[in-house]
Undergrad: 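Structure incoming, see below.
Just so it is clear, the model here is predicted, and its values are computed rather than measured. Throughout, protein chains are lettered first and strands after them, A, B, ... in sequence-line order, and every chain is numbered starting at 1.
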Number of protein chains: 2
Amino acid sequence: MATTANEDYIKTIYALESSGQRASTSRIAQRLDVTMASVTGKIKHLAAAGYVRHTPYYGVTLTPKGRKLALHTLRRHRLIELFLVKTLGLRWDEVHADAEVLEHAISDKVLERMYEYLGRPEFDPHGAPIPAEDGSIKELTGVRLSDLPSGARSRVLHVSDADGEFLRYLASIDFTIGTAFTLRDRAPYGGPLRIRIGRRELDIGPDAAERILVCPS
Amino acid sequence: MATTANEDYIKTIYALESSGQRASTSRIAQRLDVTMASVTGKIKHLAAAGYVRHTPYYGVTLTPKGRKLALHTLRRHRLIELFLVKTLGLRWDEVHADAEVLEHAISDKVLERMYEYLGRPEFDPHGAPIPAEDGSIKELTGVRLSDLPSGARSRVLHVSDADGEFLRYLASIDFTIGTAFTLRDRAPYGGPLRIRIGRRELDIGPDAAERILVCPS
DNA sequence: AACAAAAATTAGGCAAGCCAAATTTTTCTG
DNA sequence: CAGAAAAATTTGGCTTGCCTAATTTTTGTT
């Protein structure tokens, strides 16, 4: 029942719900790059199997069973990303696609070995929390860099793993997970944010700032 | 074109050819645990795609293209087995099933990283040679333990990875790849072979001895 | 050589996943 | 609120990969 396709749909629905969006047919279709017809068909199947509740012409919500599968898959994805970075030395911007495939292929046994090998980690290379085996997950209590008040001291908490180019950009300016910095000020009218990291000064565009989660400290 | 199913069929045909058996519909079906009808259908597809030549009512042979795919898949399988043993500490008897799945899922990039991480190894945990990237493979020049003359000094070269129980048995008597030993003698009428390893003496049944490849030295 | 058994193939069907095109429902807009 | 646009669904069709049952070909036996 938990095929590759099913897990991908469930993960997408979970991501939409987590970001406060309605899991509508069109949004699922867009994220998975399939047609709406395919989504409607799959939704019926997932509803019959008890993973989602479906309100026709509105969208779906995960059942507890669906939520559990989503977190199980997310745990696999994030552990695999971390393993690829830590063990094989891949960069944080190039592990997403591999993890997307391997999360459906690796056995529970191998996954638990990876978990132990990595020292029971809590976060993946992008700062995202790794769900526990029981399906519990730590919520990230951060704010968007774009919402940070001027003068605040903070550190980088999380960036999405989905956009490799953005990750390469952040790596190129050495603005990675855990980096401590001070927000000097922001230029008016959508101008860049001026950031100080130790002795180094940095400008970050407002669009980038919206995609970076930070932890005020 | 190189789907999971295709790669599994090609691997099976390669294994049959390598062991000098005709790759007939029935033998392929038996090894893959599918019906002969399924094999006939798949064979037509593989023949049309240029991986095999098909002689109806007789069997198939690999084309150079098919052989290349077989060796490519075998390389992946064996590297993954070794990686699981070396890096994650799995036992040699429990890696086959995982490798069987992962060989179809791991990207070339990750595989090459594993190859480098392992120090460009030449053999898998069961002594089988790992095909090179260009598809070349070292032939094992060994003899079956059952064919070894009495009194010969030798070492364990290779055992098949397919039978976990047999591998556990060999591990339990500490008769693993590379173990040096002397064949004392063999009991008549299909009796056991008496083996000496250092100071230790061991009896090995004739059926087991047929499945162990050794390297006289 | 003739017949039975074994091996192989063909024919027809099913499930998963996808698609395009047609239709229905909802939402938006003037 | 009426009509248009957008969203969702239905219908029918395609491919992969498997199955059972029926048929054909080969092989083995007397």
Side-chain angles (χ1 to χ4, degrees), chain A residues 1-13 15-17 19-62 65-66 69-70 73 100-101 103-105, chain B residues 1-13 15-17 19-62 65-66 69-70 73 100-101 103-105:
Chain A
M1 261 315 182
T3 63
T4 294
N6 285 353
E7 288 177 356
D8 283 338
Y9 276 89
I10 294 290
K11 260 197 342 178
T12 300
I13 295 163
L16 286 168
E17 287 187 355
S19 66
Q21 293 177 81
R22 177 163 63 96
S24 62
T25 303
S26 53
R27 268 196 278 251
I28 297 167
Q30 181 212 321
R31 294 225 183 178
L32 288 174
D33 197 27
V34 295
T35 62
M36 291 206 298
S38 300
V39 175
T40 301
K42 184 49 102 176
I43 275 174
K44 295 189 163 234
H45 184 252
L46 292 174
Y51 291 106
V52 301
R53 255 180 307 276
H54 182 206
T55 310
Y57 291 100
Y58 177 79
V60 293
T61 50
L62 289 178
K65 180 179 175 184
L69 179 56
T73 309
E100 203 68 23
V101 177
E103 67 190 6
H104 308 297
Chain B
M1 260 318 183
T3 65
T4 293
N6 285 354
E7 290 177 355
D8 284 338
Y9 275 89
I10 294 289
K11 260 197 341 179
T12 300
I13 295 163
L16 286 168
E17 287 188 356
S19 67
Q21 293 177 81
R22 178 163 62 97
S24 63
T25 303
S26 52
R27 270 198 276 252
I28 297 168
Q30 182 210 322
R31 294 226 183 175
L32 288 174
D33 197 28
V34 297
T35 62
M36 290 205 300
S38 300
V39 175
T40 302
K42 182 53 98 177
I43 275 175
K44 293 188 164 238
H45 184 249
L46 292 174
Y51 291 106
V52 301
R53 255 179 307 275
H54 183 208
T55 310
Y57 292 99
Y58 177 79
V60 293
T61 49
L62 288 179
K65 179 179 176 184
L69 179 56
T73 309
E100 204 66 25
V101 176
E103 67 190 9
H104 309 296

Undergrad: Could you tell me whether B/K65 atom NZ has more than 12 heavy atoms of other residues or ligands within 6.0 Å of it?
TA: yes

Undergrad: How long is the line joining CD1 of A/I28 and C1' of C/dC18, in whole Å?
TA: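 Whole-Å distance recorded here is 16 Å.
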
Undergrad: Over all strands shown, is B/T40 touching base, sugar-phosphate only, or nothing at heavy-atom distances under 4.0 angstrom?
TA: base

Undergrad: Identify which nucleotide among D/dC18, D/dT9, C/dA8 has an atom closest to any side-chain atom of B/S26, counting heavy atoms from C-beta outward.
TA: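 Taking heavy atoms from C-beta onward, the closest nucleotide is C/dA8.
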
Undergrad: Decide yes or no for B/V52 and B/I13: does some side-chain heavy atom of the first lie under 4.5 Å from some side-chain heavy atom of the second?
TA: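 They are in contact (side-chain heavy atoms under 4.5 Å apart), so the answer is yes.
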
Undergrad: Do A/Y9 and A/S38 have side chains that get closer than 4.5 Å, going by heavy atoms?
TA: yes

Undergrad: Could you give the OH-to-C1' distance, from B/Y57 to C/dA5, as a whole number of Å?
TA: 15 Å

Undergrad: Can you tell me the distance, in whole Å, between the CD atom of B/Q30 and the P atom of C/dA6?
TA: 15 Å

Undergrad: Taking OP1 and OP2 of C/dT9, is either one under 4.0 Å from a side-chain nitrogen or oxygen of B/Y58?
TA: no

Undergrad: Quick check: does any side chain N or O of B/R53 sit under 3.5 Å from a backbone N or O of B/V60, one acting as donor and the other as acceptor?
TA: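 No; judged by distance alone, with no hydrogens or angles, the pair does not exist.
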
Undergrad: Among D/dT20, D/dT10, D/dT26, which nucleotide has an atom closest to any side-chain atom of A/K44?
TA: D/dT10

Undergrad: Quick check on C/dG17: is either OP1 or OP2 less than 4.0 Å from any side-chain nitrogen or oxygen of A/K42?
TA: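 Yes.
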
Undergrad: Assuming nearest nucleotide by heavy-atom distance, tell me which of B/R27 and A/V34 is located more 5' along DNA chain C.
TA: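 In this pair, the answer is B/R27.
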
Undergrad: Would you mind classifying the nucleic acid contact of B/S38 as base, sugar-phosphate or nothing, using non-hydrogen atoms under 4.0 angstrom?
TA: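 Here B/S38 touches the bases of the nucleic acid.
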
Undergrad: Using a heavy-atom cut-off of 4.0 Å across all strands, would you classify A/T25 as base, sugar-phosphate, or nothing?
TA: sugar-phosphate

Undergrad: Just the rounded figure in Å: distance from P of C/dA20 to CE of A/M36.
TA: 12 Å

Undergrad: Would you say a side-chain N or O of B/T3 is under 4.0 Å from OP1 or OP2 of D/dG17?
TA: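 True: B/T3 side-chain N/O within range (under 4.0 Å) of D/dG17 OP1/OP2.
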
Undergrad: So if I take every side-chain heavy atom of B/A5 and compare against C/dT9, D/dC19, D/dC18, which nucleotide ends up nearest?
TA: D/dC18

Undergrad: OP1 or OP2 of D/dT15 versus the side-chain N and O atoms of B/H45: is any pair under 4.0 Å?
TA: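 Checking D/dT15 against B/H45, no side-chain N or O comes under 4.0 Å of OP1 or OP2.
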
Undergrad: Under 3.5 Å, side chain of A/R27 to main-chain N/O of A/L16, donor-acceptor pair present?
TA: no

Undergrad: Given atom CG of A/D33 and atom P of C/dG17, what is their separation to the nearest angstrom?
TA: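 Going from A/D33 (CG) to C/dG17 (P), I get 17 Å.
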
Undergrad: Starting at CD1 of A/I43 and ending at P of D/dT10, how long is that distance when rounded to a whole Å?
TA: 11 Å

Undergrad: Between atom CG in B/L32 and atom P in D/dT16, what is the gap in whole Å?
TA: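 Result: 18 Å.
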
Undergrad: Give A/A37 one of three labels, base, sugar-phosphate or nothing, depending on what nucleic acid heavy atoms sit under 4.0 Å from its own.
TA: base

Undergrad: In whole angstrom, what separates A/L46's CG from C/dA15's P?
TA: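 Nearest whole value for this atom pair: 17 Å.
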
